[in-house]
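Single-structure report; data block below.
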Amino acid sequence: MALSSPLSSLLSFCEMLCVKECCGIESFDFAPVHIASWLQQSRGEPAQKTIGDLKQQLGDFKNRFGTASDTEGYESGEDEMNQIFSPEQVDQLADQLLTNLEHAVALTEQSNIVQWKPDGAPATTEHHPEFGNQFVRALAWRYACKKFDANRHVSAEDLETILNATNLSASSFGLQPYQLVVIQDRALQEKLMPVSYNQTQVRDASAVIVFAIRTNIDEQYIKDNARLTEQIRGLEPGTLDQYAGQMIGAIMGMDDEKRARWASKQTYILMGTALAACAMLGIDSCPMEGFVADEYDQILGLTDKNLRATIVLPVGYRAADDEQAGFAKVRNPLDKMVVRIS
Ligand SMILES: Cc1cc2nc3c(=O)[nH]c(=O)nc-3n(C[C@H](O)[C@H](O)[C@H](O)COP(=O)(O)O)c2cc1C
């Protein structure tokens, strides 16, 4: 018997996270944080209902195949966990999942990143004009920092917030044809300075984020993305096959150079999001195109990872004597920037 959604979707998601993000060994840890991210991803669904359905399914699973049943346990197929579970193991698995689900719900409620509410309505649907004002103020505060204070460090939590925000950027077809390379290694940062036209920001920043395009986008990558969407949204495998075919036609129809240009445009969208996220956190940054991409690729071993650097963002805190911080912002007035047609 194959398990149905939402339980099957949760299992696939946890497996995928374990394989991709953890140790690389195919395993299911059902860590609360993984379950929490699955809950977060499926926030379009009424979350309470999803949680209720899951609990119901786990209870049914235990009753049907656990020690209270007269079966020999549960044999999961290749699409699931590909294992034989004795009745005792079924009980253990269901109980562990139920406990971790409770932890995951608590995590989701605590998180300041997750905008999920118990009734399933994303908090961001509410109109908050004051956020707009804060956002504009933050953008007016930010500037391209020329001199960082090498002794001040961005906290691990803030750095994760910047990365999370950046990961929420829009991308063409949602294909995210890029990766972020995060460097927090003074010796390596020193090496990058001469190939960044001696701009000191890369040496002194608390972290340097290199935005890199993937150079190995192929049919499989696109199919994997469609599969991921199916898993996260609890769709039957194959639902998005036709859509994947359209994406493959569009993306693989480009020659390598055009595809690289397409991908690199997406990294500039990332940069915009990252700059805004830093500004909201009161963290300084400097978008940089002034570096020799081939040298970065070589020093950071990006070519071997099928990556190519396109743009760089040192982040940290401004030095007290960075003159640039005191300069007035120079922007065209809105009537020069905006063409209104109504
Ligand atoms: C794509 C791009 C590349 C940039 N490259 C550099 C750079 O290599 N070094 C630098 O100090 N500033 C760089 N800047 C910063 C701009 O000079 C700066 O954003 C612009 O002058 C506006 O000033 P503000 O960001 O301080 O408001 C770059 C900005 C962008 C958007």
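In each ligand, atom 1 is the first atom listed, and ligand 1 is the first ligand listed.
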- prompt: Can you find a protein heavy atom under 4.0 Å from atom 27 (O) of ligand 1?
  reply: yes
task: Say whether, by atom type as modelled, one donor and one acceptor occur between the side chain of Asp284 and the main chain of Val315 under 3.5 angstrom.
output: no
task: Find all atoms of ligand 1 within a distance of less than 4.0 Å from any non-hydrogen atom belonging to Cys286, and give their numbers and elements.
output: 10 (C), 11 (O), 12 (N)
- request: Would you mind checking which non-hydrogen protein atom is closest to atom 2 (C) of ligand 1, with the distance to 0.1 Å?
  value: Glu289 OE1, 4.1 Å
query: What about Ile311: any of its N or O atoms under 3.5 Å from an N or O on ligand 1?
result: no
message: With rounding to the nearest 0.5 angstrom, report the CD1 to CG distance, Ile283 to Leu281.
response: 4.5 Å
field: Which residue and heavy atom of the protein sit nearest atom 25 (O) of ligand 1, plus the separation
entry: Arg142 NH2, 2.8 Å
message: Could you see if Met247 belongs to whatever hydrophobic cluster contains Trp262? Use Ile, Leu, Val, Met, Phe, Trp, Tyr and a side-chain cutoff under 4.5 Å.
response: yes
- prompt: Quick one: which of Met271, Gln199, Arg331 has a heavy atom closest to atom 9 (N) of ligand 1?
  reply: Gln199
- request: Measure from the side-chain N and O atoms of Glu230 to the backbone N and O of Leu235, and report whether any donor-acceptor pair falls under 3.5 Å.
  value: no
task: Look at atom 18 (C) of ligand 1 and find which of Ala144, Gly290, Ser285, Ala328 reaches it with the closest heavy atom.
output: Ala144
- prompt: Is Tyr268 linked to Leu168 within one hydrophobic cluster, defined over Ile, Leu, Val, Met, Phe, Trp and Tyr using a side-chain heavy-atom separation of less than 4.5 Å?
  reply: no
message: Could you tell me, atom by atom, which parts of ligand 1 come under 4.0 Å of a heavy atom of Gln201?
response: 11 (O)
- prompt: Which class fits the ring pair Tyr74 and Phe61: parallel under 30°, tilted 30 to 60°, perpendicular over 60°?
  reply: perpendicular
- prompt: Any idea which of Pro314, Gly272, Pro287 brings a heavy atom closest to atom 31 (C) of ligand 1?
  reply: Pro287
task: Answer with yes or no whether the side chains of Gln176 and Asn167 bring together a donor and an acceptor at under 3.5 Å.
output: yes
query: Sub-3.5 Å donor-acceptor pair from the side chain of Arg318 to the main-chain atoms of Lys147, do we have one?
result: no
task: Please report which non-hydrogen protein atom sits nearest to atom 24 (P) of ligand 1, along with the residue it belongs to and the distance in Å to one decimal place.
output: Lys329 NZ, 3.6 Å
message: With the threshold set strictly below 4.0 angstrom, can you tell me whether any protein non-hydrogen atom sits that near atom 20 (C) of ligand 1?
response: no
message: How far is atom 17 (O) of ligand 1 from the closest protein heavy atom, and which atom is that?
response: Lys146 NZ, 4.5 Å
- request: Answer with yes or no whether the hydrophobic clustering places Ile213 together with Phe291; edges join I, L, V, M, F, W, Y residues whose side-chain heavy atoms lie under 4.5 Å apart.
  value: no
query: Taking N or O atoms only and a 3.5 Å limit, does Tyr143 qualify as a polar contact for ligand 1?
result: no
